[in-house]
Amino acid sequence: MSHLYQPQKIEPKWHRIWQETAAHKTPERSEKPKYYCLDMFPYPSGSGLHVGHLRGYVLSDVWARYKKLQGYNVLHPMGWDSFGLPAENDAIKRGIHPRINTEKNIQNMKRQLEKIDAMYDWSREINTSSPEYYKWTQWIFLKIYKKGLAYRKMVPINWCPSCKTGLANEEVVNGRCERCESPVTKKNLMQWMLRITRYADRLLQDLDKLDWPEKVKTMQTNWIGYSEGAEVVFKALSARNKEEFDIPVFTTRPDTLFGATYMVLAPEHELVEKITSPYQEKEVQDYVRQSERVPEVERLSEVKQKTGVFTGAYAINPVNGEKTPVWISDYVLLAYGTGAIMAVPAHDRRDFEFATKFDLPIREVIYSQEAERKKGGSLKEAYLEEGKLINSGAFNGLSSQEAREKITQHLARKKLGKKSVSYKLRDWVFSRQRYWGEPIPIIYCSRCGEIPVPEKNLPVELPQVEKYQPTGTGKSPLENIPEFVNTTCPGCGGPAKRETDTMPQWAGSSWYFLRYPDAHLEEASFEKETANYWLPVDTYVGGIEHAILHLLYSRFFTKVLYDLGYIGFDEPFQQLFNQGMVCKRSKRTGKVEKMSKSKGNVVSPDVLIEKYGIDTVRMYELFIGPAELDCEWQDQGIEGIFRFLKKTWNLISKWERESAQEDRETQRRLHLLIRDVTERIEAFKFNTAVSSFMEFINFLNRPEILTRGVKNKTIETFLVLLAPFAPHFSEELWERVGHSESIFKEEWPLYDRSLGETKFLTAVVQVNSRVRGTLTVTKDAPEEKVREEARRIEKVRKYLEGKEIKKVVYVPGRIINFVTTTTKG
RNA sequence: GCGAGAGUGGCGGAAUCGGUAUACGCGCUAGAUUUAGGAUCUAGUGAGGAAACUCAUGCGGGUUCGAGUCCCGCCUCUCGCACCA
């Protein structure tokens with residue numbers, strides 16, 4: 001047996017043994033309390049894993065193993081999010097069919113993941129692009145459909161001209177495609193939509209129940225974007241045929257209603273065509289057409305210059321009967337509120353800008369002394385604060401707050417308004433015009449109309465095809481496959497056509513956490529009782545990049561399934577932890593950036609594992625910095641961990657046969673280690689947990705301890721603490737100190753306060769808050785005695801000489817501070 | 001513009017309650033060992049100073065016996081949102 005630390009020998013050995021003994025298999029039934037620790041499953045990319053991906057997996061694995069040692073029945077599964085744009089784009093780039101490419105990538109990434117020897121129960125592996133799995137994704141879609149939460153609509157959607165598909169609102173970042181960063185354009189398409197907006201209030205309210213980082217909660221809150229206000233109806237007269245129309249608007253400031261001097265409709269608003277006067281028609285049409293063409297990015301960048309056109313029509317302000325002109329402008333968004341606004345230029349920054357540019361009247365209705373004014377006394381900029389109402393008829397003198405109530409009530413009586421709330425959240429565009437996704441299980445029959453595929457006919461399998469490239473026409477590539485498209489109607493048996501759009505990348509991941517508890521169940525997507533046992537997920541670990549998309553969609557699916565009675569919980573993830581990104585200086589850009597292939601700054605774990613072994617890599621991933629913050633990878637830093645493990649190995653190998661007389665200080669240090677490691681794991685401070693191991697080993701390496709030796713029990717406790725971090729290392733030494741059972745069957749050690757605390761403490765002695773010495777005291781030593789002893793310290797005496805002591809501050813066992821009359825000692 | 005987080009040695013970073021700032025690691029310096037390189041071990045390592053000491057946690061104030069930590073005002077960086085009526 002070798003006495004050198006050779007990870008290359010011991011790691012494969014334990015990898016094999018754990019496999020043979022099914023050590024990581026989670027039992028179906030157990031007496032123990034359950035614990036569900038989940039990683040955000042990866043999409044199988046061609047470039048494989050780099051050390052940045054590993055960080056989260058190592059972190060969750062330490063946590064899962066810790067929970068196991070604490071006596072929980074731990075579920076820690078892994079799978080593949082293999083449908084969707086990233087997988088498909090990767091396949092297209094390589095010219096390999098997505099199915100084949102995905103399989104290949106899964107194999108490669110699984111090989112890499114197996115190397116880190118996380119406690120994954122691979123018997124529960126799932127793959128969202130396998131028919132056994134997506135059968136149930138389709139099934140859930142049908143449930144959503146039958147609940148009336150899925151509908152088809154012709155809408156101007158976000159279109160990525162590069163990916164050649166529609167995108168959800170959540171997938172557009174600063175007017176660009178989240179994936180490829182191409183500017184997004186608008187396209188009118190018949191789309192499947194999910195009514196996530198119906199859940200807006202619950203998605204918002206229930207954030208309170210969750211143990212999530214505030215940052216993520218804030219991001220979701222802002223995304224859902226709740227505002228309180230009123231809906232107010234303006235009666236508009238068409239300038240074309242004198243027909244009357246209602247134009248409802250949403251406002252958060254009904255108190256400024258008397259200041260509404262004009263109205264603006266979004267260019268795409270359905271009333272535009274109906275009310276525009278013949279004289280204005282050409283100008284309006286030009287403007288509408290132009291704003292359709294302008295990509296989102298430009299529209300956003302033109303924040304400074306407002307544009308717009310008058311429709312020729314007027315609407316009646318319901319509080320004062322005033323005729324206000326109706327304009328159109330792209331600063332009004334069709335998708336928010338009602339797609340139309342009442343413009344109050346005196347009290348809204350954007351309206352002020354627009355009114356100034358087009359010379360529209362500006363009427364102040366909130367009194368303000370503080371407002372900045374031009375020479376003539378008119379406003380220099382919009383006054384946004386609340387205040388007392390002026391120029392508001394019967395409501396003059398009321399505060400904004402009172403006026404909001406009163407004016408809304410007044411309108412409600414006249415049936416021209418009511419209290420209302422508005423959300424920024426929009427319905428989820430669920431159609432993708434791409435090949436690599438779950439086919440939407442709907443059939444169109446000329447006789448029976450839109451018909452869901454009967455559940456017994458699921459899955460609607462994705463056909464094996466040669467050509468899978470996106471068409472760019474707004475139709476999915478599936479449209480060109482007659483064998484797929486043409487089918488018979490489940491209603492009347494006549495000829496019918498299939499829906500050819502596929503689901504977005506997020507579909508499969510919106511419910512996968514429900515699948516792991518019974519991953520290969522054939523007769524259902526999941527079993528209620530099993531799901532209720534395991535879920536919600538106790539700890540969910542993954543990157544911040546999913547703060548909105550995946551987490552919001554998963555919460556939505558969970559709530560729908562809860563409402564349908566399929567599960568007994570309405571939030572999927574109780575605790576969320578976001579690990580920071582691993583960065584490295586890129587030679588190409590010269591900046592410290594997130595690891596990515598395009599930046600040329602990726603570090604592959606394969607070489608490192610070969611050289612140092614996975615235990616070293618695991619511990620370095622944790623040691624590198626606070627888990628929740630971004631960190632910079634330093635190639636040399638890993639040496640320190642390797643040295644630590646070697647040092648520890650040598651120390652323990654040396655002692656394995658010794659029975660020693662152990663001193664109390666060693667016991668004390670051991671118990672402090674138990675306390676610190678436990679506390680630091682609990683707080684996800686893995687970097688400092690690793691340092692506490694180092695400090696303990698440095699202590700054991702002191703000459704006096706080396707000669708005296710330590711008890712086997714001490715070493716054993718140390719190994720159990722270390723086991724979640726360096727599992728092979730600990731397992732091997734555990735065996736070498738004489739155990740035949742796995743170390744992971746042990747119990748997590750408990751801190752014994754009576755052993756961890758000492759009778760004597762080191763108190764600091766200060767004169768005028770400057771350290772002049774230390775004193776060994778007992779915790780309950782009387783202050784008088786401590787004072788006396790402290791004053792006997794030579795330096796203290798020196799600084800106190802000739803001074804009058806004004807005050808003495810004593811914190812028992814910690815500090816004694818003599819304050820003298822002069823400030824400087 | 002709004003919101004959140006961060007700023008501590010040459011570097012990554014520690015510092016439960018306001019109580020010895022710089023734990024732990026990297027790097028560096030010197031020595032030991034080694035044919036050499038590497039590895040390992042020992043000692044040292046915030047700055048100034050011969051020392052006594054003094055000064056240092058982005059900047060400027062404040063509270064306190066005592067501030068990296070609390071309060072006020074700035075600066076810089078990162079992330080998120082951004083015409084949301």
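Proteins get letters first, then strands, A, B, ... in listed order; numbering begins at 1 in each.
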Would A/Glu801 and A/Arg797 pass as an ion pair if we require N to O under 4.0 Å?
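A/Arg797 and A/Glu801: not salt-bridged.
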Does the side chain to side chain donor-acceptor pair (under 3.5 Å) test come out yes or no for A/Glu353 and A/Tyr331, once each step is laid out?
CA-CA 11 Å; A/Glu353 203 184 310; A/Tyr331 86 88; over 6 Å; no
Watson-Crick or G-U stems of RNA chain B, 3 or more pairs, under 3.5 Å, by first number
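Paired runs of 3+ in RNA chain B: B:1-7 with B:75-81, B:10-12 with B:24-26, B:27-32 with B:40-45, B:46-48 with B:53-55, B:58-62 with B:70-74.
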Between A/Gly337 and A/Arg675, name the one whose nearest nucleotide on RNA chain B is closer to the 5' end.
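The 5'-side residue here is A/Arg675.
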5′-ward residue of the pair A/Thr688/A/Thr774 relative to RNA chain B:
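In this pair, the answer is A/Thr688.
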Just N and O in the side chain of A/Lys647: are any of them under 4.0 Å from OP1 or OP2 of B/U40?
no
Is it the case that B/C83 (base atoms only) and A/Lys306 (side chain only) share a donor and an acceptor within less than 3.5 Å, ignoring hydrogens and angles?
yes
Output yes when a side-chain donor or acceptor of A/Asp246 lies under 3.5 Å from a complementary backbone atom of A/Pro248, and no otherwise.
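No; judged by distance alone, with no hydrogens or angles, the pair does not exist.
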Side-chain donor/acceptor of A/Asn650 to backbone N/O of A/Lys646, under 3.5 Å
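Present.
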Could you tell me whether the side chain of A/Glu621 reaches within less than 4.5 Å of the side chain of A/Phe686, counting heavy atoms only?
no
A/Leu552 side chain reached by A/Leu549 side chain, heavy atoms, under 4.5 Å:
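Of all side-chain heavy-atom pairs linking A/Leu552 with A/Leu549, none is under 4.5 Å.
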Heteroatom pairs (N/O) under 3.5 angstrom, protein to nucleotides 77-81 of chain B:
unit_1	atom_1	unit_2	atom_2	d
B/C79	O2'	A/Lys215	NZ	3.3

Measure CD/A/Gln579 against C1'/B/G5 and give the value in whole Å, please.
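For the pair A/Gln579 CD and B/G5 C1', the rounded distance is 17 Å.
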Atom-pair distance (CZ on A/Arg680; P on B/G13), nearest Å:
17 Å
Evaluate whether atom CD of A/Glu704 has more than 12 neighbouring non-hydrogen atoms of other residues, nucleotides or ligands under 6.0 angstrom away.
yes
